[in-house]
Protein chains: 2
Amino acid sequence: MTHSQQDQELHAVTLEQPTLAAACDAIADGIDREALVTVFGRCTVEYDGRASSTLDAGDRHVMLKPDGAALVHTDEGQQPVNWQPPGCDHEVFCEQRDADADRSDAAETAGGTATETETETEILTLESVRSTPDERLLVRFRNVLQVSAFSGTDETELALSGTEEDLRQRLLDEPDLLEPGFTPLATERDTAAGAIDIYGEDDAGRTVVVELKRRRVGPDAVSQLRRYVDALGRDLHADTTVRGILVAPSVTDRAKRLLTEHGLEFISLEPTAA
Amino acid sequence: MTHSQQDQELHAVTLEQPTLAAACDAIADGIDREALVTVFGRCTVEYDGRASSTLDAGDRHVMLKPDGAALVHTDEGQQPVNWQPPGCDHEVFCEQRDADADRSDAAETAGGTATETETETEILTLESVRSTPDERLLVRFRNVLQVSAFSGTDETELALSGTEEDLRQRLLDEPDLLEPGFTPLATERDTAAGAIDIYGEDDAGRTVVVELKRRRVGPDAVSQLRRYVDALGRDLHADTTVRGILVAPSVTDRAKRLLTEHGLEFISLEPTAA
DNA sequence: CATTAAATATCGGTT
DNA sequence: AACCGATGTTTAATG
């Protein structure tokens with residue numbers, strides 16, 4: 001690929017302090033060209049779908065992705081304050097709107113500050129909608145400080161290690177890490193309660209159910225293991241002894257107590273060797 | 001607040017196609033001023049901490065928040081491809097660097113394309129670090145298309161409805177929604193297995209444990225309810241009858257089977273009235 | 001489409 | 001700082 005061909009793919013267009021009409025055009029164009037579009041400015045946000053929420057006016061950063069995702073970020077927190085998952089349709093439009101429409105009746109009756117907003121009646125609206133489930137996100141801007149449309153390429157995939165899958169491989173490669181004589185027989189073995197991470201036998205021929213967790217675990221993981229052990233005990237003959245072993249870096253006190261109560265075991269092991 | 005006072009707070013500074021040195025200065029200045037900083041360009045990403053990951057060169061959008069959060073977004077997905085939680089220290093620096101350093105030895109020995117990168121030896125590095133746990137995110141840019149620093153105010157809080165807390169209030173306001181004669185006695189009642197959502201009595205004076213979920217539930221919620229019923233049965237006298245009732249919009253088939261197996265009940269109820 | 005469980009889950013509250 | 005449970009969890013795997 002030549003340098004000029006790359007330039008055709010990789011570019012960024014930015015408007016600073018645009019009029020709402022200009023911002024609207026730039027956003028619509030960015031969505032059309034399947035760019036990653038960002039908008040920064042003063043806005044209100046409404047969401048309705050699995051739950052519903054409202055957010056009063058504030059300065060926020062909105063990102064619209066070409067796959068249909070939408071993210072509204074404040075200056076705090078890792079998570080967006082509002083969002084929409086991939087698969088949504090983004091729309092943008094500019095309209096005349098009663099500036100008092102967003103305000104509560106209480107503010108209206110309080111009066112006094114109404115004159116400040118009466119001059120600004122134009123509103124830029126971003127709307128992201130999807131179905132199954134029906135969900136709608138509405139972002140209304142009174143003021144846009146910046147609009148950008150980014151185009152680029154990203155063919156790479158994340159290479160991640162330290163996952164539960166790494167822990168599984170580590171144990172399958174070296175079963176003695178569980179205990180001497182352990183023999184794995186199956187992974188993802190199905191039971192009425194779900195799939196067992198590792199199913200095997202100890203050196204005395206007893207059935208072993210292994211539940212893997214990549215990090216320190218609480219009571220939930222113990223319950224999960226218990227479900228599997230119970231289900232397998234019913235699936236097999238009633239006189240079969242089934243051992244349940246939780247494998248994780250560590251357990252909480254409450255989880256340890258639950259393990260003891262239910263006759264389950266714990267082995268400390270990390271996803272990757274130190 | 002006057003209009004001019006607002007302007008002092010609300011502004012955005014943007015550089016397009018900056019040199020890496022200029023980008024570095026702008027980013028450092030934005031971090032200093034506690035602005036929300038964004039960078040778009042071609043970069044590699046490395047993470048090491050609770051797990052570890054690498055991401056080869058691609059065009060991505062990076063956001064640095066003044067609370068220490070960092071987000072790396074591609075053009076796909078709701079979630080960032082890499083991130084760092086709030087509380088990190090952001091650093092930025094520009095350095096001469098062997099352009100082949102990012103490439104694998106295999107690429108080196110393959111040769112041929114090395115000449116394309118030999119001319120670009122300057123690298124802009126973003127580094128976000130925290131402790132407890134020790135975690136580090138490294139973003140290395142070969143090319144920056146845009147840098148922005150956003151300042152604004154956001155004093156508002158999200159108003160969210162349709163949560164588990166709404167469901168709890170609905171049931172406390174109208175206990176008959178569970179069943180006629182139900183009397184709530186406590187919320188968050190503590191047991192050895194954790195806190196019970198609602199603890200009460202039925203019209204026959206039997207103890208009732210209620211577990212609430214705002215949406216359709218699977219086996220996990222049944223296990224949770226079962227833990228609470230068991231724990232309460234041990235806390236109270238052995239001859240006490242304890243009913244366990246799961247309240248949610250709906251249950252999966254497998255969860256329904258588990259409820260029946262363990263003598264637990266289910267009542268369909270949504271967080272908010274239709 | 002529903003079901004199931006993992007995740008660098010994140011986030012808030014409490015101890 | 002550890003622990004615990006909710007989340008508009010999101011995401012991927014699987015039937």
Next on the checklist: Does D220(A) contact dG5(D) through a side-chain donor or acceptor facing the base, at a distance under 3.5 Å?
Outcome noted: no

Checklist entry - What nucleic acid atoms does D48(B) come within less than 4.0 Å of, heavy atoms only: base, sugar-phosphate, or nothing? => result nothing

Checklist entry - Taking CZ from R216(A) and C1' from dA7(C), how many angstroms apart are they, rounded to a whole number? => result 18 Å

Checklist entry - Picking from dA6(C), dT8(C), dT9(D), which would you name as closest to the side chain of R215(B)? => result dT9(D)

Checklist entry - Does the side chain of T132(B) get closer than 4.0 angstrom to OP1 or OP2 of dA1(D) through an N or O atom? => result yes

Checklist entry - Contact class for G49(A) (heavy atom, under 4.0 Å): base, sugar-phosphate, or nothing? => result nothing

Checklist entry - Does Q84(A) get its side chain close enough to the base of dG8(D), under 3.5 Å, for a donor-acceptor pair? => result yes

Checklist entry - Atom CH2 of W83(A) to atom P of dT11(D): distance rounded to whole Å? => result 11 Å

Next on the checklist: Closest approach to the side chain of D197(B), judged atom by atom: which nucleotide of dG8(D), dT8(C), dA6(D) is it?
Outcome noted: dA6(D)

Item to check | Sugar-phosphate only, base, or nothing, as touched by A69(B) at under 4.0 Å among non-hydrogen atoms | outcome: nothing

Checklist entry - So what does E135(A) touch, heavy atoms closer than 4.0 Å: a base, only the sugar-phosphate, or nothing? => result base

Checklist entry - For dT4(C), does either OP1 or OP2 sit under 4.0 Å from a side-chain N or O belonging to Q224(A)? => result no

Checklist entry - Which part of the nucleic acid, if any, lies within contact of P133(A), taking any heavy atom under 4.0 Å across all strands shown: a base, the sugar-phosphate backbone alone, or nothing? => result nothing

Checklist entry - For DNA chain D, whose closest nucleotide is more 5', that of V251(A) or that of L158(B)? => result V251(A)

Checklist entry - Which whole-number value in Å describes the distance from Q79(A) CD to dG12(C) C1'? => result 13 Å

Next on the checklist: Is it the case that atom CD in E34(A) sees more than 12 heavy atoms from other parts of the structure closer than 6.0 Å?
Outcome noted: no

Next on the checklist: It should be established whether T252(A) places a side-chain nitrogen or oxygen under 4.0 Å from OP1 or OP2 of nucleotide dC4(D).
Outcome noted: yes

Checklist entry - Once you round it to whole Å, what is the distance between C1' of dC11(C) and CD of Q78(A)? => result 10 Å

Next on the checklist: Using a heavy-atom cut-off of 4.0 Å across all strands, would you classify E188(B) as base, sugar-phosphate, or nothing?
Outcome noted: nothing

Next on the checklist: Any base atoms under 4.0 Å from S53(A), or only sugar-phosphate, or nothing? Heavy atoms, all strands.
Outcome noted: nothing

Checklist entry - Please give, in whole Å, the distance from dT10(D) C1' to R50(A) CZ? => result 9 Å

Checklist entry - Looking across every strand, which nucleic acid part, if any, lies under 4.0 Å from R254(B) by heavy atom: base, sugar-phosphate, or nothing? => result sugar-phosphate

Checklist entry - Phosphate oxygens OP1/OP2 of dA7(C): is one of them under 4.0 Å from a side-chain N or O of Y47(B)? => result no

Checklist entry - Would you call R136(B)-D89(B) a salt bridge at under 4.0 Å N-O? => result no

Checklist entry - Using 4.0 Å as the upper bound for N to carboxylate O, is an ion pair formed by E135(A) and R130(A)? => result yes

Checklist entry - Salt bridge check: are D56(B) and R42(B) linked by an N-O gap of less than 4.0 Å? => result no

Checklist entry - OP1 or OP2 of dG5(D) sitting under 4.0 Å from any side-chain N/O of Y228(B)? => result yes

Item to check | Residue whose nearest DNA chain C nucleotide is more 5′ - L137(B) or S131(A) | outcome: S131(A)

Checklist outcome for this item: Winner on side-chain proximity to P86(B), out of dA6(D), dC11(C), dA5(C), is dC11(C)

Next on the checklist: With side-chain contact (heavy atoms from CB on, under 4.5 Å) as the test, pick out the partner of V62(B) among V139(B), V37(B), V45(B).
Outcome noted: V139(B)

Next on the checklist: Rounded to whole Å, how long is the line connecting atom CD of E270(B) with atom P of dG8(D)?
Outcome noted: 16 Å

Checklist entry - Taking the six-membered ring for Trp, are F40(A) and H61(A) parallel (under 30°), tilted (30 to 60°) or perpendicular (over 60°)? => result tilted

Next on the checklist: Measuring only the C1' atom in each nucleotide, how far is dT7(D) from dA7(C)? A whole number of Å is fine.
Outcome noted: 14 Å

Checklist entry - Taking CG from L225(B) and C1' from dA6(D), how many angstroms apart are they, rounded to a whole number? => result 16 Å

Next on the checklist: Between C1' on dG15(D) and CG on D190(A), what's the gap in Å once rounded to a whole number?
Outcome noted: 10 Å

Next on the checklist: Check this one for me: any side-chain N or O of T163(B) less than 4.0 Å away from OP1 or OP2 of dA6(D)?
Outcome noted: no

Checklist entry - Is the number of heavy atoms from other residues, nucleotides or ligands under 6.0 Å of R243(B) CZ greater than 12? => result yes

Checklist entry - Quantified in whole Å, what is the C1' atom distance between nucleotide dT14(D) and nucleotide dT8(C)? => result 25 Å

Checklist entry - For DNA chain C, whose closest nucleotide is more 5', that of A51(B) or that of G77(A)? => result A51(B)

Next on the checklist: Show, in sequence, the C-alpha distance, side-chain angles and deciding distance for L264(B) and I245(B), and conclude whether the side chain to side chain contact (heavy atoms under 4.5 Å, CB included) test is met.
Outcome noted: CA-CA 6 Å; L264(B) 303 172; I245(B) 307 182; over 6 Å; no

Checklist entry - Reckon R168(A) touches a base, only the sugar-phosphate, or nothing at all at heavy-atom distances under 4.0 Å? => result nothing

Checklist outcome for this item: Contacts of A255(A) and S52(A) projected onto DNA chain D by closest heavy atom; the upstream (5') one is A255(A)

